[in-house]
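The next block holds one structure in the form of structure tokens; read it before the comments.
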Amino acid sequence: MGSVQIVTTILAAAITAVAVWLAVRAVMKMTAVIRLGQPAPERFGDKSARTSKMLVETLGHTRMLKWSVVGAAHWFVMVGFIVLSLLVLEAYFEVVSSGGGLPIIGHWTIFGLVTEWIGILGLVGIGVLMVIRLRNRPNRPENRSRFTGSTMWQGYFVEWIVLLVLIFGFIIRGFKVATDHFEYPLWATPLSHAVGAVLPDWSAGVSIAALIKIAISMTWLIVISLNVTMGVAWHRFLAFPNIFFKRDPEKPAGSGLGPLRPMTSEGKPLDFEEADPEKDQFGVAQVEQFSWKGLLDFSTCTECGRCQSQCPAWNTGKPLSPKLLVLSLRDHAYAKAPYLLAGGGKDLTGEEKATQEQLAGVDVLAMAEADRPLIGTAEEGGVIDPDVLWSCTTCGACVEQCPVDIEHVDHIVDMRRYQVLIESSFPSEAGVMLRNLENKGNPWGAPQNTREDWTKGLGFEVPRVGEIDDFEYLFWVGCAGAFEDRAKKTTRAVATLLNEAGVKFAILGEGETCSGDPARRIGNEFVFQMLAQQNVETLNEAFDGREKSKRKIVATCPHCFNTLGNEYGQLGGEFEVVHHTQLLAHLVSAGKLTPVQPVDGGVTYHDPCYLGRHNRIFAAPREVLGSAIGDGRGGAASDSGAGRDSGLIEMPRNSERSFCCGAGGARMWMEEKIGKRINVDRVEEAMATGAKTIAVGCPFCSTMLSDGVNGKGAGEQVEVVDVASVLLRSVKPAAPAGEPETAPAAG
Ligand code: SF4
Ligand code: SF4
């Protein structure tokens, strides 16, 4: 070992020792913070499904590749990071000796070949990511950047480190070529040989370049260890457990979509018949009341902003950005952690748990952070502003897009639950809806004995459960479908089509009450459970003696469809629920309904969030519309998203990336006072297609888009209509139930 190698070895060892010590300290700190969260025992089941999903999503980049160029570039950088870590290890042999290398595999040509090409593709990948970040930087006035609010220096820092580590990898190899210490052939390592051709024959060069590479890598480790909230770096490690512990490993995408999690205390679902707010946790009032998985979610956020770029609230000028919400919770959790780790915290009656001695050593900043309300205005020092919390439509676009499977909607609803159940603090206008649900069983407060009024004048009998036993489908009408004029037309159209196709169905009539979706999404779990339990009882009675596959329900409202099919199981109600568009698509393809009159003027389709993104039903409504459009292309739809060959004119934001109408998350019953109206934004997009018909599959979308069309003064030119009504007009052009759903003035 020469004198240069002695110096490089000592320096490499010293900086590595410091970096490793800091990294161990940082990992212990992060682990301690995440462990502050509440138990989540359900996250440990089905380990083989979890492992395979984690490997598919990380190694396959299945979420990221939806953003093709970025996804591909990021894949090469990720693989480069994993594989080239071996080359950082090799650098420790190179600081000791210019001819040093990894034992055994370091002599294999295949190792030289693979690392060479991963290095080259990694260079291209990081170059692409750097250009994308620069082109999207938030300070460019023409951009509404997904990076707005991200900590930009951290992104630049990580990218430059990756670039420099890759460059120094080739410089080390170049010096080895120049000093004749390189054992790989030219055909396997062309770039290393090209670099070697321009470098001098300097034997110390290998060890010095290796030292620089180690110093760069360890600088990265030191910086991220001193910044435990630096998600852009830490996600390289945290993404693996975060995806492993996702809510539902069986789901193809967006594990936090579909059903909401039940309300839990100490990790156990709460039963409101026994729950006590002084002993049980009702929602989330303090950051440590999220589960440990919630705190892991916050720690894993990469600040990529994909959620923000798709969020309807953010895109229409509301203060909510799912990314900024997650970052606020993360920063608050880590700033408050010293107080919590010292034993601090409030019990469920609001009393401090720690003694003065325990808190004596906690720094003032952590104590000040602990005093901040989780939900509060800027003047109150709140972590999350109420306008942020109540702007969410629970559309799920954030969950769908997040590459590391963060479950934003669950966290938002958990915070709403505390605000509603304990603080009674929510937009006042929604109070009427909640009172109507409690007193009348529907959000409009309509008399229960008018639930069957929609059946009048249909020209055939609609049987109630109990009047016939051999019904195949129970038609769940829903409150909108029973009481709201526009939705009633859809209900009548569906009933007419089912009757036409010879489907045996029955309704609950006055036995039906609200599914509870708006109560649950606003955070009133108490009212949800009350309504849901009542419905589960009624439905179990209606299906008494039938196995699950014969407990079939068809629903026209995607919110009811989601709640009955995905959430009633939490309360002992197991049913086979289909959306009416699925059943109609089946009846058309089975030849039981035959469209005869083509729909003209162009049709575009708006995917309802709770049908599409939350339940991944994209094809069925397009198949029905394709058959009614009548150009022979119907029925060719697939679940792959845009561009289905159904004769529809697709909006730019469709299928998985569809844009919300603004009504979900109980926003239907709240005023939209900030920014542009979401329904207007969506209607502008729909009208820009030139289609004369905007087809929908949800009564709330129908109301919101109709209001938007009317607001634009385009009610005469553009019609908002349910898929079922489009089909009915094509199947029975003269049917009375198929009268056009012209958009009446907003109610
Ligand atoms: S659910 Fe929709 S509205 Fe709510 S934060 Fe996510 S993207 Fe925004
Ligand atoms: S998409 Fe996920 S990782 Fe990216 S900023 Fe949003 S929450 Fe963070």
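In each ligand, atom 1 is the first atom listed, and ligand 1 is the first ligand listed. When a residue number appears, it is its place in the shown sequence, counting from 1.
Between Arg261 and Asp248, none of the side-chain N atoms (NZ, or NE/NH1/NH2) sits under 4.0 Å from a carboxylate O, so this pair counts as no salt bridge. A salt bridge does not link Glu650 to Arg657: none of the charged nitrogens lies less than 4.0 Å from a carboxylate oxygen. Remark: Asp46 does not engage Arg50 in a salt bridge, criterion side-chain N to carboxylate O under 4.0 Å. In summary, Arg306 and Glu400 do not engage in a salt bridge, as defined by a charged side-chain N under 4.0 Å from a carboxylate O. With respect to Glu407 and Arg43, a salt bridge is recorded, a charged nitrogen being found less than 4.0 Å from a carboxylate O. Ion pairing of Glu525 with Arg520 is present here, as a side-chain N (NZ or NE/NH1/NH2) and a carboxylate O approach within less than 4.0 Å.
Ring planes of His559 and Tyr610: tilted class, angle from 30 to 60°. The aromatic rings of Phe44 and Trp292 lie tilted to each other, with the angle between the two planes from 30° to 60°.
With sequence neighbours excluded, no residue forms a salt bridge (charged side-chain N to carboxylate O under 4.0 Å, His left out) with Arg416.
Within ligand 2, counting atoms from 1 as listed, the ones closer than 4.0 Å to a heavy atom of Cys307 are 1 (S), 5 (S), 6 (Fe), 7 (S). Close approach of ligand 2 to Val404 (heavy-atom distance below 4.0 Å) involves ligand atoms 3 (S). Contact atoms of ligand 2 toward Gly305: 4 (Fe), 5 (S) (distance under 4.0 Å to a heavy atom of the residue). Remark: ligand 2 atoms within the under-4.0 Å shell around heavy atoms of Lys323 are 5 (S).
At a heavy-atom distance under 4.0 Å, atoms from both the backbone and the side chain of Thr302 approach ligand 2. Of all the heavy atoms of Thr300, none lies under 4.0 Å from any atom of ligand 2, so neither backbone nor side chain is involved. Contacts of Val399 with ligand 1, taken as heavy-atom pairs under 4.0 Å, are absent altogether.
Of the protein's non-hydrogen atoms, the one nearest atom 4 (Fe) of ligand 2 is Cys304 SG, 2.3 Å. At the shortest separation from atom 5 (S) of ligand 1 among protein heavy atoms lies Leu320 CD2, 3.6 Å.
Stacking of Arg133 on the aromatic ring of Phe147 is recorded, both the 6.0 Å distance cut-off and the 45° axial limit being met.
Ligand 2 does not have Gln401 within reach: every non-hydrogen atom of the residue lies 4.0 Å or more from it.
Take atom 2 (Fe) of ligand 1 and draw a sphere of radius 2.8 Å; the protein N/O/S atoms inside it number 1.
Among the atoms of Cys402, no N, O or S atom is found under 2.8 Å from atom 6 (Fe) of ligand 2.
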